[in-house]
Amino acid sequence: MELTELYLVTIVSERILKDDIIQMIKDKGASGYTITDVKGEGSRGTRVSDFEGRNIKFEVVVGKDVGNKIIDSVSETYFENYAVITYASPVNVVRGDKYL
Amino acid sequence: MELTELYLVTIVSERILKDDIIQMIKDKGASGYTITDVKGEGSRGTRVSDFEGRNIKFEVVVGKDVGNKIIDSVSETYFENYAVITYASPVNVVRGDKYL
Amino acid sequence: MELTELYLVTIVSERILKDDIIQMIKDKGASGYTITDVKGEGSRGTRVSDFEGRNIKFEVVVGKDVGNKIIDSVSETYFENYAVITYASPVNVVRGDKYL
Amino acid sequence: MESLLTNFTSPIVLAFLLGIISKLVKSDLEIPESIYKAISIYLLLAIGLKGGVELSTTAFSEFIWPVVATVFLGILTPIIAYVVLRYVGKLDITNSAGIAAHYGSVSAVTFIAAISYAETIGDPPEGFMPALVALLEVPGIIVALMIPQLFKSDSTSLKGAFHEVVTGSSIILLLGGLLIGYLAGPVSFEPVEPFFVNGFQGALVIFLLELGMITARRLEDLKKVGFFLVGFGIAVPILHGVIAIIIGLWSGLSVSGASVFAAMVSSGSYIAAPAAVRIALPKASPTLYLTASLGITFPFNIALGIPLYYLLATWIGG
Amino acid sequence: MESLLTNFTSPIVLAFLLGIISKLVKSDLEIPESIYKAISIYLLLAIGLKGGVELSTTAFSEFIWPVVATVFLGILTPIIAYVVLRYVGKLDITNSAGIAAHYGSVSAVTFIAAISYAETIGDPPEGFMPALVALLEVPGIIVALMIPQLFKSDSTSLKGAFHEVVTGSSIILLLGGLLIGYLAGPVSFEPVEPFFVNGFQGALVIFLLELGMITARRLEDLKKVGFFLVGFGIAVPILHGVIAIIIGLWSGLSVSGASVFAAMVSSGSYIAAPAAVRIALPKASPTLYLTASLGITFPFNIALGIPLYYLLATWIGG
Amino acid sequence: MESLLTNFTSPIVLAFLLGIISKLVKSDLEIPESIYKAISIYLLLAIGLKGGVELSTTAFSEFIWPVVATVFLGILTPIIAYVVLRYVGKLDITNSAGIAAHYGSVSAVTFIAAISYAETIGDPPEGFMPALVALLEVPGIIVALMIPQLFKSDSTSLKGAFHEVVTGSSIILLLGGLLIGYLAGPVSFEPVEPFFVNGFQGALVIFLLELGMITARRLEDLKKVGFFLVGFGIAVPILHGVIAIIIGLWSGLSVSGASVFAAMVSSGSYIAAPAAVRIALPKASPTLYLTASLGITFPFNIALGIPLYYLLATWIGG
Ligand SMILES: Nc1ncnc2c1ncn2[C@@H]1O[C@H](COP(=O)(O)O)[C@@H](O)[C@H]1O
Ligand SMILES: Nc1ncnc2c1ncn2[C@@H]1O[C@H](COP(=O)(O)O)[C@@H](O)[C@H]1O
Ligand SMILES: Nc1ncnc2c1ncn2[C@@H]1O[C@H](COP(=O)(O)O)[C@@H](O)[C@H]1O
Ligand code: NA
Ligand code: NA
Ligand code: NA
């Protein structure tokens, strides 16, 4: 069956940003998102959460434009002051048109 | 060390399909799978689970054929009636022959 | 905004190796890591943990060299005796220099 | 009326309201899923155990007729619900059957709330009631899921659904608890009693706090489902409740027993049924059946239904 | 002194030490996050409920002045803390305000530990104290967060932070519990009492075991933060404690009540405040404010502060 | 016989069976991992605390010989197990040592079940038994892991394994609980007693429900491991049990104490040992040692072993 080439944008951030980032992802035009509770360590060290190093991972399947909007917004809004990492890679999606 | 190029097939679905999909993945010939509890939002809105938006993510490392079989079966069996997203991307796997 | 091409190395292993692998990842020079509790099945069958099939997934964003070091170390140290799978794929990272 | 007030000063009902409010004000309060699951395991096992210990000291003759009444209503109520939905509500066959399955089954928490209401006002029901809950859970779902097959309108996978219900955790815990309690009897049960009896009401408070939060999310869907379903979610439970009171009293239940029986029968399942329907009738809209049973009928029963059934039972049977 | 020993043979304090030790020896012991969350929900709801039931039988006149005293100290303490940090400690405005917000608010666990210490030595405080905790949590944070705005040194998003605090789970559970307890009253509360009262002290043991482990991680940061902050984390709580005792006694609190009041006022928040500060003052260093409130002040209060405040209160007010 | 029946009407044993059944019928019932962890933390801490409180009122002379007996059996039993596995079962050195490590150590739950069995039949053992469990956990594992080194057949990383066992959560909680209980003493322990004593038996029911489910998964492996290991998993515990009864009685333990002691000594560890062996002997097959200790010996002890040891102890020592 034919697949559509889209982008998987992954964001890992400290948990306190959860609601903000969900809102941002929707505003930028993503059709949905998947979040996972994760832990991690990075360069910022201490961050705020019930526990050390509790983070949340967002995975968003999007078209190129929406993807870039999300990436830009993350790096402008959060990168300076918060613990966050963001990366993107191409993925072949079933019925990909649904997520454009 | 030499790596084998295989495919990582990712399926996110509502939790109630868990056992069915595991069975399907094995039937199609995958050597294993990794599952993660996730949450998410998409276009289908309400789905059934103790809670809203509780989903399960399957990650399966497979060869091209098995990968296509899994993708086809997901899109034929579940895509119409259930909340599910599926995508694939190439990965370089250590001792990849083990998963063929 | 410009992205740097780096590698996402993913390791899924039985949980008992958690601390060892974290140590190893740092020793090889990764700037950080993200871990997720997962479950899974593979060829090794029974492994030790409070429960069957409880695994841990490591995701590490690294440059090519560090990535290869990690992959080699996993396959030399753990692959023979422990339940583990490892794969890598290129990703475009925001402010990627931070992780080199 | 006064008995209604008793219900509104009950920590259980108030906790349910608190849960709803905390969602409305967008609080970050959340009960971890594993805790919610643990409490429901605890509650189901506890009522099973207590019921089983009771059964071990109850004469067969005492509960045979209530058992018959339960099975009968397990078959009747989904049919009533289906007819109302299909011919009054004009819903399609699949959705009518999907919703009917929920009203044919039972909400264990509504049952538990009814029990503790009866106990609070000092009129506890028969001890074997939990056995009836276990009995009521399954048939209604099966009956409702069979309807679409008559019309061949939809290919249902009854087998999968059947296994889903019969081996569902609530059945296992209820039946298992009943059996353990029955075999153990009062003496062997004693050492575990403090854990399963003293903590019960308090655990229920936390559980309803969570259910309040879940319900709040459902309330947003109310507009989507339309007036008919809202009316259905209140009128049909009352109808089922009245029928249950009459048949319950006839079967020999006490007034208190009949009122708890009415709460059971009128309640809509939101754990066993949704899972089964999702599998057997994937085309039925979860928004419809979850909103009806969890967003309308459940809060109605907790807040008004339970005391109402008690009043009616006293009035009819007293 | 003897009352100090009482504190060191308390399972609560010993469990806290055990938690620290288990981290130092790198044990794999860990309390699952969901359990930690569940216990804190339980503890907050329990003190809320008990406080509410008490309030329902307390005359307004009895607690109006303590209420006034609480609000007053909620405004005063963050200012004291800020001044010390900014002008004695020479910290920048943002970090001074961020830390001050923590000392203006309250640590519910320190409060709970103080209550159970008072109860253990057989001198329980007024029943309405939990109402004061709920009242003390918010204002201090707001006051501290407003300071940087005066200096326009930092663009703070007060609104977000305000919502974060006011709808934070601890406020919802405390206020909600108070309200439920108040509406339910002693009679309706009775059935849930065993769950919320008998289990309380024991649950606290497990909770402090976990807090010990969290604190241990903080201790590693001690060197990073420097001597001043360590001194600050001990001296300022004592100062706040003494002020609280005097004002508390003046407001009509009993000796025991005043000592618990002192523990509250002197404590540093480590749940509500950090979240609010992280949002409103992202440039403030979490390492500084978390280490101060959780790594220094919390263990100091648990081990020495609580009995100390009791001694002082007896000495001043006895 | 009658004492055997007592065991089969015990909710604990019945819950274990329910767990096995629920897996056999493929029920979706599952106890969340965090709950399972929390209950085991609770159980270990509780027996530690109770043991410690007892110790604080026990004369040193009373338990010095039982302590000696425990250490001696901690060294003897893994050697017996190894010899049987290697020379009767013809298993290779690594697997023999790996399995032996499990039988040298102890299963805390088997111990707890034995205690509550003794209490149920109204003959509670000495209060300091938990101290012996903590003592028995470590040496057996170390002894067994050292064997392969003698034969240089396998490069074991003893150091890692040693740290793993000694700082393992079960040791920390048992020893920590003992210490806290000892320092607190009966008076300070009182406020936390309801939580740790009243809830104990009930929590055990839920815990064994889960263990039943875990065991069920193991049962599938029974065919894989072959007849010898099945026989081993029943015969060797009985052998170890008899030795433990004789030495236990000789060391001055009561009949009840000796029977609980036998249950301890005969049991196979399935938490501390597997982790240590996985690290020190990665080539040893987890399927073999987990199936033996968790799939064969554990259910045998819970269902038959415990009452059997009690009968034998009464018979030998009564
Ligand atoms: N190199 C990395 N690979 C994978 N995840 C990372 C990496 N660096 C940081 N992270 C994740 O991003 C979070 C924030 O990192 P940082 O902003 O560097 O403190 C960490 O807690 C990790 O979960
Ligand atoms: N664009 C997306 N990116 C990432 N995950 C998605 C996306 N859309 C849907 N999902 C996931 O797939 C699930 C089902 O989506 P849907 O079938 O659209 O309701 C959601 O709950 C999400 O977990
Ligand atoms: N083909 C696969 N795709 C995805 N995950 C796998 C695959 N094979 C193994 N795994 C994961 O790696 C773990 C160890 O696998 P194994 O070493 O084959 O027993 C499993 O428990 C799975 O979580
Ligand atoms: Na019903
Ligand atoms: Na304060
Ligand atoms: Na042993």
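In what follows, every chain begins at residue 1, and chains take the letters A, B, ... in the order their sequences are listed.
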Quiz item: For the residue pair E:K26 and F:H163, what are the closest heavy atoms and their distance?
Solution: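 Nearest heavy atoms, E:K26 then F:H163: O-CE1, 3.5 Å.
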
Quiz item: Which atom names give the shortest non-hydrogen contact between E:P32 and F:K37, and what distance separates them?
Solution: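 E:P32 and F:K37 have their closest heavy atoms at CG-CB, 3.8 Å.
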
Quiz item: Do any of residues 10-23 of chain E have a heavy atom less than 4.5 Å from a heavy atom of chain F, and if so, which, in residue order?
Solution: E:P11, E:L14, E:A15, E:L18, E:S22

Quiz prompt | Residues E:I35, F:I35; criterion side chain to side chain contact (heavy atoms under 4.5 Å, CB included); working and verdict | solution = CA-CA 7 Å; E:I35 301 304; F:I35 301 304; 3.9 Å; yes

Could you have a look at [options] and say which one has the most heavy-atom pairs with chain E under 4.5 angstrom?
options: F:F189, F:Y42, F:F195; result: F:F195
options: F:I172, F:V187, F:L183; result: F:I172
options: F:S170, F:S188, F:G168, F:G185; result: F:S188

Self-check item: F:I41 side chain near E:L29 side chain, heavy-atom distance below 4.5 Å
Solution: yes

Quiz prompt | Side-chain touch E:L209/F:L173, heavy atoms, less than 4.5 angstrom | solution = yes

Quiz item: Among E:L204, E:D28, E:N198, which residue forms the greatest number of heavy-atom pairs with chain F at distances under 4.5 Å?
Solution: E:D28

Practice problem: Measure distances from E:V205 to the heavy atoms of chain F and classify the residue's part below 4.5 Å as side chain, backbone, both or neither. | Solution: side chain

Quiz prompt | Residue E:A38 versus chain F: region with a heavy atom under 4.5 Å | solution =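 For E:A38, there is no contact with chain F at all, as no heavy atom is under 4.5 Å.
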
Quiz item: Within a reach of under 6.0 Å around NZ of E:K223, are more than 12 heavy atoms found that belong to other residues, nucleotides or ligands?
Solution: yes

Quiz prompt | E:Y182 atom OH: more than 12 heavy-atom contacts under 6.0 Å | solution =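 Count not over threshold, so no.
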
